[in-house]
Structure formats: structure tokens, C-alpha cells
Amino acid sequence: SSGLTQDPAVSVALGQTVRITCQGDSLRSHIASWYQQRPGQAPVLVIYGLNNRPSGIPGRFSSSNSGDTSSLTIAGAQAEDEADYYCNSRASDNSHYAFGPGTTVTVL
Amino acid sequence: QVQLVESGGGVVQPERSLRLSCAASGFSFSAYDMHWVRQAPGKGLEWVASISYDGNNKYYADSVKGRFTISRDNSKNTVFLQMNGLRVEDTALFYCAREFAGPSFDYWGEGTLVIVSS
């Protein structure tokens, strides 16, 4: 077990908002990063640090953090947002890293 | 532009060894910590190992500690993963990734496939 938990799957209607959560003790002291992985492709960083988006990531992606939980929000989901989403954080020992098990987002 | 290209994967029998390489270009390689992340078929991402920018600090997931060794050659802009004592459960697509702020992994290669099978 990575120590991080995520809901296995969520669905969202086209244009609506969906929130994906990641929970774990390490998140009390470390900020999560978030990755999108479409089928057959390498992961792509979508959020890092305190709600920062890399260049090229649409503004509909945002994150928030509270206690042991980090949340990724997609506001106005598009068809191309259908993918697996993984959270990641440095572990409590500050040397290891862990990924959550991933959440499959389906856009209806 | 930043590029990470993995190589060295293949089919190998259990208990045998394999050495993966990741060739980096488009950035100042010696300034960045690097990581290996793997993904078993149909499964999620698993962090495997990391190495500091100067090669002095190395960390491993418990699942590979003692069997895998990460190293780098900054003169060749390459990071390696030496995998010994391979097990069937090591079968995965192995990605190398660059560490960025946060921390996070901002660039990934396309991966190299390792299949451990008798």
C-alpha cells in the first residue's frame, strides 16, 4: 500500500465540475502533485505545489489541500479530460515517494 | 525541448539482470534529481528509485531495495537502473522522470517495457 488513497472511479457530465480526492498521512506535511494519464500514454503533470499548473495545462484544473487530503478539481470537464488521475507525494520519511492508486475519470 | 528516452527493456528470465538507461536532452541534466517510476500492465504508477543531481543521494522503494541500483553519468546526460534478481512481479513499463518543484515530476519519457518470464 502506498499510504495514499483515491476513489477508484468517478464520472462527470460534459461541462460539469468533478473533484478527485487523495488522502494520506503524508499529506499533512507534504503537498501532493497530480498527474493525468490517458490510455497508452505517459503521465502528464497537471498540478504541482500549491495549485500551480505547468505551461499548457488548462485553467480548469485546480487543486486544494486541507489536513490529510488533497483535491483535484476539473471545472467544466471536457471529453479530452477522460483519463486516469494519480496523486503523488513525498513520504513522511522525506526520502521516498508514493503514488495514489489512481482515479479513472469518465466524461459522460 | 526537454526529452527523456528510455531504453534497455526486454524479456528476461526470473533471477536474471537488466540495465535500463534514460538519455536526457534539452536541459541542464546535472542540475536535476531524476527518478524511475514503473507501471505494471493494467495497474497504477509505482515510484521505484531516485538519485540526486550529483549522484550522492539515492533512494529506493522497499519492493526493489537491495536488488535495483540507480546511478547517473552527468557527462553523458544519462541515468541508469541496474536491476538484479528480477521477479515476475517486476514486469512493467519503466519510466524515467525529472524532478521539479513541489516536488513533482514534470517531464517523463515514453517508457521501456520489462517482461520477466520463464
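Every chain is numbered from 1 and lettered A, B, ... according to where its sequence line falls, protein lines coming before strand lines. Every heavy atom of this structure was used, including side-chain atoms; hydrogens, water molecules and symmetry mates were not.
Each of Ile31(A) and Leu27(A) belongs to its own hydrophobic cluster when Ile, Leu, Val, Met, Phe, Trp and Tyr are linked at side-chain heavy-atom distances under 4.5 angstrom. Hydrophobic clustering (ILVMFWY, side-chain heavy atoms < 4.5 Å, transitive): Ile20(A) and Phe99(A) are in distinct clusters. Grouping the Ile, Leu, Val, Met, Phe, Trp and Tyr side chains by contacts below 4.5 angstrom, directly or via other members, places Phe80(B) apart from Tyr95(B). Transitive grouping of hydrophobic side chains (ILVMFWY, heavy atoms separated by less than 4.5 Å) keeps Ile74(A) and Tyr35(A) in distinct clusters. Hydrophobic clustering of Ile, Leu, Val, Met, Phe, Trp and Tyr side chains at less than 4.5 Å, counting indirect connections, keeps Tyr85(A) apart from Leu45(B).
At a 4.5 Å heavy-atom cutoff, the contact between Phe105(B) and chain A is made by backbone and side-chain atoms alike. Using a 4.5 Å cut-off between heavy atoms, Pro43(A) touches chain B through backbone and side chain atoms alike. Contacts of Gln37(A) with chain B are made by side-chain atoms alone, with heavy-atom separations under 4.5 Å and no backbone atom involved. For Tyr107(B), no part sits under 4.5 Å from any heavy atom of chain A, backbone or side chain. Residue contact with chain A, scored on non-hydrogen atoms closer than 4.5 Å, involves the backbone of Ala61(B) exclusively. Neither the backbone nor the side chain of Val48(B) comes within contact range of chain A; no heavy atom of the residue lies under 4.5 Å from a heavy atom of that chain. If you measure heavy-atom distances from Tyr86(A) to chain B, the contacts under 4.5 Å come from the side chain alone.
Between Glu99(B) and Tyr97(A) the shortest heavy-atom distance is OE1-OH, 3.2 Å. Here the closest non-hydrogen pair linking Ser95(A) and Trp47(B) is O-CH2, 4.1 Å. Smallest separation of non-hydrogen atoms from Tyr60(B) and His96(A): O-NE2, 2.6 Å. Nearest heavy-atom pair across Ala42(A) and Trp108(B) is CB-CB, 4.3 Å.
Counting heavy-atom neighbours within 6.0 Å of Arg19(A) CZ, excluding the residue itself, gives a total of 12 or less. The number of heavy atoms from other shown groups lying within 6.0 Å of OH (Tyr53(B)) does not exceed 12. Other residues, nucleotides and ligands contribute only 12 or fewer heavy atoms inside 6.0 Å of the CZ atom of Arg16(B).
Note: Pro103(B) leads Ala101(B), Gly44(B), Gly111(B), Pro103(B) in heavy-atom pairs under 4.5 Å with chain A. Most heavy-atom pairs under 4.5 Å with chain A, from the set Gly109(B), Ser50(B), Gly102(B), Ser104(B): that is Ser104(B).
Interatomic distance, CD of Gln39(B) versus CG of Asp84(A), reported as 8.0 Å (0.5 Å rounding).
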